[in-house]
Amino acid sequence: MKDLLELREEIDRIDRQIVALYQERMEVAARVAAYKIETGKKVFDREREESKLAALTALGATDFNRYGIRELFEQIMAMSRKRQYQLLTEHGIFEKPDFAEVDRPDFAGARIVFQGVEGAYTQLALKEYFGADADSYHVETWRDAMEAIAKGEADYAVLPIENSSAGIVSENYDLMVEYDHCIVGEQVIRIDHALLGLQEAELSDITDVYSHPQALMQCSGYLGNRRDWETHSVKNTAMAARKIKEDKNVYKAAIGSRLNAEIYGLKVLEERIQNNKANATRFIIVTGKHIFTKTAKKISVCFEIPHESGSLYRTLSHFIYNGLNMNHIESRPAVCGGQTDGDGTAEKKNWEYRFFVDFEGNLNDAAVQNALRGLSEETVRFKILGNY
């Protein structure tokens, strides 16, 4: 027991030395920051750090120690960079994002576009956010909605981004990267799915069900109990309802909302058939203007990182160090710059990923500015999607 206590005392002595040396190193880092403030030199020098890590790692006596030395000094260097970013921000040296602060977004006379047809859930979100009298119109695809903003044909677009049951709408994440648009708001809508048929139809008549792929997924439990039914995917629930009306076939039904039934004169055969009775979808409000308000409290960003061990951890550490709370993180396959598949869609990179993060904060906050500086310098590609 005495030997163990002596060993612990020895470890405590060494730890105190490590703490003293760490603090000494951070003081030197502050002087390095002062030099970079004067010269305008960038904080992150990947080549220099890799060279130094290789030299320090080689000093290890065993493979285990070499691995540990590299991990230790990666962390020390990361903390040094974060302190330098902090000092640069304190001295007012910060390249502000291309976002203008406004008191509030200008909705007066705005034209809003949504994907689908009359009665789509996206239209419900639009009316909830902009009001029932909003000047709106619909297009066939989400890309068409983004194009409408790019061409100046619409001021805002409403896009579904995430469902509490079925997960993310991956195509819209990719479109936010492809287009230079900005998120200025969000709206959450409760989703209650119903089975809709012709007025003369009965539940026992149904053989085929039409809806959006996510709606079919959200009602998988209900549909799984009716294995003799065939399911068919369409672009949204409102289109499914319109198809039932136009086909005039009692054997066909749609999964959609009660509003779809009212608009297209259909009969509700069964209500609330979704798996999750608290099912909801989050919609984002997108515009071509890069704006934010002083009361905005959520920031969405995306970035790509080197395909190497620990790179995601090091990137996310900028949120931790600056005390920023992350609300959401998603990954999508990264896209090869400028390359497309045969169908014209962006070509994906195998096993490389782009990350999307939502976190709390405002672009005016010093902690946010510190984190954004670190992210922009240390990631391969970085983009602020909006502050809302």
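If you read the sequence from its start, that first residue is 1, and numbering goes on from there.
- Looking at Q115 and D144, their side chains never bring a donor and an acceptor atom within 3.5 Å of each other.
- In terms of hydrophobic clustering, with Ile, Leu, Val, Met, Phe, Trp and Tyr side chains grouped at heavy-atom distances under 4.5 Å, L159 and I161 are assigned to a common cluster.
- Counted by atom type alone, K82 and S317 present one or more donor-acceptor pairs between their side chains at under 3.5 Å.
- Contact check on R242 versus E118 returns no salt bridge, with no Lys/Arg side-chain nitrogen under 4.0 Å from an Asp/Glu carboxylate oxygen.
- T287 contributes a side-chain N or O that, together with a main-chain N or O of D155, makes up a donor-acceptor pair within less than 3.5 Å.
- Between the side chain of T57 and the backbone N or O of L53, at least one donor-acceptor pair lies under 3.5 Å.
- No side-chain donor-acceptor contact under 3.5 Å links Q84 and R81.
- Remark: M239 CE to N260 CG distance equals 12.0 Å, nearest 0.5 Å.
- By the rule that hydrophobic residues join a cluster once side-chain heavy atoms approach within less than 4.5 Å of another member, F382 and L363 end up as members of one cluster.
- Atom CG of D15 sits in a crowded spot, with more than 12 heavy atoms from other residues, nucleotides or ligands closer than 6.0 Å.
- Checked against Y156 for a ring-ring contact (aromatic ring centres under 6.0 Å, His included), the options Y137, Y129, F130 give a single hit: F130.
- Between the S51 side chain and the R48 main chain, no donor and acceptor come within less than 3.5 Å of each other.
- Hydrophobic clustering, with ILVMFWY side chains joined whenever heavy atoms are under 4.5 angstrom apart, keeps F107 apart from I284.
- Between the side chains of E270 and Y222, at least one donor N or O sits under 3.5 Å from an acceptor N or O.
- Atom CG of N387 is separated from atom CD1 of I291 by 11.0 Å, given to the nearest 0.5 angstrom.
- Here CG of N327 is found 10.5 Å from CG of L324. Values are rounded to the nearest 0.5 Å.
- Counted by atom type alone, Y264 and E246 present zero donor-acceptor pairs between their side chains at under 3.5 Å.
- In terms of heavy-atom proximity, N279 sits nearest to S165 at OD1-OG, 3.3 Å.
- Between V380 and P306, the closest side-chain pair of non-hydrogen atoms falls below 4.5 Å.
- Legend: residues meeting side chain to side chain donor-acceptor pair (under 3.5 Å) with K243, ordered by chain and number and at least two apart, are D247.
- Within 6.0 Å of NE2 on H91 lie no more than 12 heavy atoms contributed by other residues, nucleotides or ligands.
- In this model, no donor atom of one side chain and acceptor atom of the other lie less than 3.5 Å apart for T122 and N236.
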Test log, rule salt bridge (Lys or Arg N to Asp or Glu O under 4.0 Å), inputs E360 and K297 = CA-CA 6 Å; E360 295 174 6; K297 56 187 179 182; over 6 Å; no

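- Residues R143 and L175 have side chains in contact (heavy-atom distance under 4.5 Å, counting atoms from C-beta outward).
- Side-chain contact between N276 and S164 is present, with at least one heavy-atom pair separated by less than 4.5 Å.
- One N or O on the side chain of Q214 and one on the backbone of I168 form a donor-acceptor pair closer than 3.5 Å.
- Within 6.0 Å of the NZ atom in K277, the count of heavy atoms belonging to other residues, nucleotides or ligands exceeds 12.
- Considering only residues two or more places apart in sequence or on other chains, Y85 meets the side chain to side chain donor-acceptor pair (under 3.5 Å) condition with E378.
- Side chain to side chain, Y67 and T62 fail the donor-acceptor criterion of an N or O pair below 3.5 Å.
- Around the CZ atom of R66, the shell of radius 6.0 Å holds more than 12 heavy atoms that belong to other residues, nucleotides or ligands.
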Pairs of donor and acceptor atoms involving the side chains of residues 194-208, under 3.5 Å and at least two apart or interchain, shall be tabulated with distances.
from	atom 1	to	atom 2	distance (Å)
Q199	NE2	G265	O	3.2
Q199	NE2	L266	O	3.2
E202	OE2	K267	NZ	3.3
D205	OD2	E202	N	2.8
T207	OG1	Y251	O	3.4
D208	OD2	H232	NE2	2.6

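- Using a distance-only test at 3.5 Å, with no hydrogens or angles considered, a donor-acceptor pair links the side chain of T315 to the main chain of S311.
- Counting only distance, with no hydrogens or angles, the side chain of D358 and the backbone of S300 share no donor-acceptor pair below 3.5 Å.
- For D135, the side-chain contact (heavy atoms from CB on, under 4.5 Å) partners two or more places apart in sequence, or in a different chain, are R111.
- For K235, the salt bridge (charged side-chain N to carboxylate O under 4.0 Å, His left out) test picks out E140, with sequence neighbours left out.
- The backbone N or O of R282 sits nowhere less than 3.5 Å from a side-chain atom of Q187 that would complete a donor-acceptor pair.
- Take E24 and apply the salt bridge (charged side-chain N to carboxylate O under 4.0 Å, His left out) test, not counting sequence neighbours, and it matches no residue.
- For the residue pair N370/H318, the side-chain donor-acceptor check at 3.5 Å is not satisfied.
- The line from CD of E230 to CG of L223 is 12.0 Å long, rounded to the nearest 0.5 Å.
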Given the rule in the salt bridge (Lys or Arg N to Asp or Glu O under 4.0 Å) test, do E10 and R13 qualify, once you have shown the distances and angles that lead to the verdict?
-> CA-CA 5 Å; E10 187 72 5; R13 181 185 63 79; 2.5 Å; yes

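- Remark: H212 NE2 to S233 OG distance equals 8.0 Å, nearest 0.5 Å.
- F356 and W142 fall within the same hydrophobic cluster, defined by Ile, Leu, Val, Met, Phe, Trp and Tyr side-chain heavy atoms under 4.5 Å apart, directly or through other members.
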So V286 and M176, side-chain contact (heavy atoms from CB on, under 4.5 Å) or not? Walk me through it.
-> CA-CA 9 Å; V286 176; M176 283 304 302; 3.9 Å; yes

List the steps, then state whether salt bridge (Lys or Arg N to Asp or Glu O under 4.0 Å) holds for R190 with D192.
-> CA-CA 6 Å; R190 177 172 166 169; D192 278 329; 3.3 Å; yes

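- Considering only heavy atoms from C-beta on, N163 stays 4.5 Å or farther from V169 through its side chain.
- Ion pair E50/R70 flagged as a salt bridge, since at least one NZ, NE, NH1 or NH2 atom sits closer than 4.0 Å to an Asp/Glu carboxylate oxygen.
- Under a 4.0 Å N-O distance rule, the pair R332/E304 does not qualify as a salt bridge.
- With K289 contributing its side chain and C182 its backbone, the two residues share no donor-acceptor pair below 3.5 Å.
- Judged purely by atom type and a 3.5 angstrom limit, T39 uses its side chain to pair as donor or acceptor with the backbone of Y35.
- A 4.5 Å side-chain heavy-atom check between I183 and I285 finds every atom pair outside the cut-off.
- Follow the hydrophobic side-chain contacts under 4.5 Å out from L21 and you never reach F73; the two are in separate clusters.
- Under a cut-off of 6.0 angstrom, the local environment of CD in Q17 is crowded, with over 12 non-hydrogen atoms contributed by other residues, nucleotides or ligands.
- A 6.0 Å sphere centred on CG of D103 holds no more than 12 heavy atoms belonging to other residues, nucleotides or ligands.
- C302 places none of its side-chain heavy atoms less than 4.5 Å from the side chain of V357.
- Using a 4.5 Å heavy-atom threshold, the side chains of Q218 and H193 count as touching.
- Counting only heavy atoms from C-beta outward, the side chains of I191 and Y121 approach each other to under 4.5 Å.
- Side chain of H138 to backbone of F114: no donor-acceptor contact under 3.5 angstrom is found.
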